[in-house]
Amino acid sequence: MKLDTSGFETSMPTIGFGSSNDMLDGFSTVPSFDLPRTTDFDGFQKEAVQMVKPAKGTTTLAFIFKEGVMVAADSRASMGGYISSQSVKKIIEINPYMLGTMAGGAADCQFWHRNLGIKCRLHELANKRRISVSGASKLLANMLYSYRGMGLSVGTMIAGWDETGPGLYYVDNEGGRLKGDRFSVGSGSPYAYGVLDSGYKFDMSVEEASELARRSIYHATFRDGASGGVASVYHVGSNGWTKLSGDDVGELHYHYYPVPPAIAEQVMEEAAAE
Amino acid sequence: MSIFEYNGSAVVAMVGKNCFAIASDRRLGVQLQTIATDFQRISKIHDRVFIALSGLATDVQTLYQRLVFRHKLYQLREERDMKPETFASLVSAILYEKRFGPYLCQPVIAGLGEDDKPFICTMDSIGAKELAKDFVVSGTASESLYGACEAMYKPDMEAEELFETISQALLSSVDRDCLSGWGGHVYVVTPTEIKERILKGRMD
């Protein structure tokens with residue numbers, strides 16, 4: 001049985017002049033991309049980086065507690081000041097027992113999470129056992145490290161449940177990888193941390209933890225202009241992940257802070273149909 | 001982000017049948033962070049002239065104070081209120097005085113002139129007047145506002161229908177802008193009354 005060493009390879013992407021990579025055999029090595037044919041490569045790179053300006057306008061959070069891992073995110077995509085979408089899926093399902101969160105460039109996060117899912121599945125097939133959260137996050141971190149400085153924008157958390165119990169890692173486009181109990185990523189993260197840190201206890205039930213996660217995301221969407229839309233909350237337990245709720249934060253605001261009904265001095269009544 | 005997008009704002013004014021409506025959002029932010037959700041952008045100059053200023057919040061407040069001062073002087077000298085057209089010329093002149101160090105705001109002026117004819121206009125930050133017969137917009141959400149107003153506007157609307165139209169246009173436009181929203185403030189002015197309303201909007 002050949003040991004799968006694809007995770008250890010850190011070779012730079014090969015320059016493929018003319019030769020197109022067959023998608024089927026591209027997964028045993030780091031995926032390689034054709035480089036642009038231009039006289040000023042550095043200038044082109046700089047412009048490309050500026051275009052995908054890593055603003056990380058979002059709020060995502062995840063924390064470990066007694067019953068597993070709670071993962072939550074907003075759903076707004078913004079381009080500078082313009083809101084391009086209020087319904088982006090920022091919690092990516094890598095496989096039935098592992099979730100990844102998206103912060104930074106949407107295309108980057110979607111592609112690399114899918115790529116990670118493929119690598120995890122190949123690991124399962126080669127080794128007849130599921131990959132650990134530690135191993136999966138290491139695979140992702142190494143892949144991102146080999147693209148360091150090329151303008152990728154990825155600030156993700158890998159949350160899952162493996163043989164050692166719940167696992168949570170933060171991985172970013174610099175190639176950094178941190179193990180921890182509580183993380184929040186994105187422009188709204190300071191606001192989310194404020195609510196999360198003051199309400200956190202290890203011994204929480206699933207309902208309490210999901211309410212804490214939802215409240216943290218809601219407060220971040222209130223204060224941060226680049227976060228909003230729908231607050232999605234997922235729970236990762238020993239049987240895998242389940243989606244707990246997806247509440248529109250516009251409605252959540254009036255749920256938490258209802259407007260006292262004004263006393264109407266004159267009530268308009270429907271005119272009787274004539 | 002440019003200096004005009006530092007605080008974030010959305011302002012719109014619309015003309016109806018012998019009435020006008022002027023509306024703004026209520027957010028005050030510092031780039032992406034929201035500081036307040038009850039910022040006053042629309043100010044009354046007198047019962048028949050309103051001005052709403054979008055842009056840098058400090059200049060919004062200072063310019064408003066200067067304009068109120070100039071209008072009070074005018075009232076003392078002429079013993080009457082300014083016509084909206086005259087007020088617009090005054091604002092334009094004050095803005096151009098600072099041509100090489102401008103106030104970083106874009107005003108929207110709305111008023112009822114002679115014979116209760118509604119008047120609206122907008123200006124850029126150095127006083128270029130733009131008169132319109134239907135609606136004017138200003139602020140970070142201005143492009144969305146143009147689209148929404150163009151689609152929803154009809155001429156000669158009565159006060160209640162005008163209120164509905166301007167509110168829907170404002171709320172749907174600020175829902176596409178990160179830097180404005182968090183509620184709405186609408187004034188509907190007819191020859192007999194001024195109706196001020198706060199809109200319940202998305203707080204994200």
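Throughout, a chain's letter reflects where its sequence line sits, starting with A, and its residues are numbered from 1.
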Checklist line | Trace of the side chain to side chain contact (heavy atoms under 4.5 Å, CB included) decision for A:R223 with B:L32 | finding: CA-CA 8 Å; A:R223 283 288 172 183; B:L32 288 175; over 6 Å; no
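- If you measure heavy-atom distances from A:Y218 to chain B, you find no contacts under 4.5 Å at all.
- Separating the CZ atom in B:R176 from the OG atom in A:S78 is a distance of 11.5 Å, to the nearest 0.5 Å.
- Most heavy-atom pairs under 4.5 Å with chain A: of the set B:C178, B:G201, B:G29, this distinction falls to B:C178.
- Scanning both residues, A:F222 and B:W182, for their nearest heavy atoms gives O-NE1, 2.8 Å.
- No side-chain heavy atom of B:M203 sits under 4.5 Å from any side-chain heavy atom of A:Y257.
- Between A:Y82 and B:S144, the closest heavy-atom pair is CE1-OG, 4.3 Å.
- Applying the 6.0 Å contact sphere to CD of B:E193 captures more than 12 heavy atoms from other residues, nucleotides or ligands.
- In A:E174, the CD atom is crowded: over 12 heavy atoms of neighbouring residues, nucleotides or ligands sit closer than 6.0 Å.
- Heavy-atom neighbours of B:R197 CZ from other residues, nucleotides or ligands within 6.0 Å: above the threshold of 12.
- Nearest heavy-atom pair, A:V249 versus B:D204, reported as atom, atom and distance to 0.1 Å: CG2-OD2, 3.1 Å.
- Environment of CG in A:D40: crowded, with over 12 heavy atoms of neighbouring residues, nucleotides or ligands closer than 6.0 Å.
- Rounding to the nearest 0.5 angstrom, the gap separating the CD atom in B:Q31 from the CG atom in A:D224 is 11.5 Å.
- Applying the 6.0 Å contact sphere to CZ of B:R70 captures no more than 12 heavy atoms from other residues, nucleotides or ligands.
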Next item on the list: Assess whether side chain to side chain contact (heavy atoms under 4.5 Å, CB included) is satisfied between A:H253 and B:K200, documenting all intermediate values.
Entry: CA-CA 11 Å; A:H253 172 85; B:K200 209 170 104 156; over 6 Å; no
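- Contact detail for B:D175 and A:Q86: the closest heavy-atom pair is O-NE2, 4.0 Å.
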Item checked: Pair A:Y191-B:Q33, side-chain hydrogen bond (donor to acceptor under 3.5 Å, both in side chains): steps then yes or no -> CA-CA 10 Å; A:Y191 314 111; B:Q33 182 180 50; 3.1 Å; yes
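- The number of heavy-atom neighbours closer than 6.0 Å to CD of B:E143, taken from other residues, nucleotides and ligands shown, is 12 or below.
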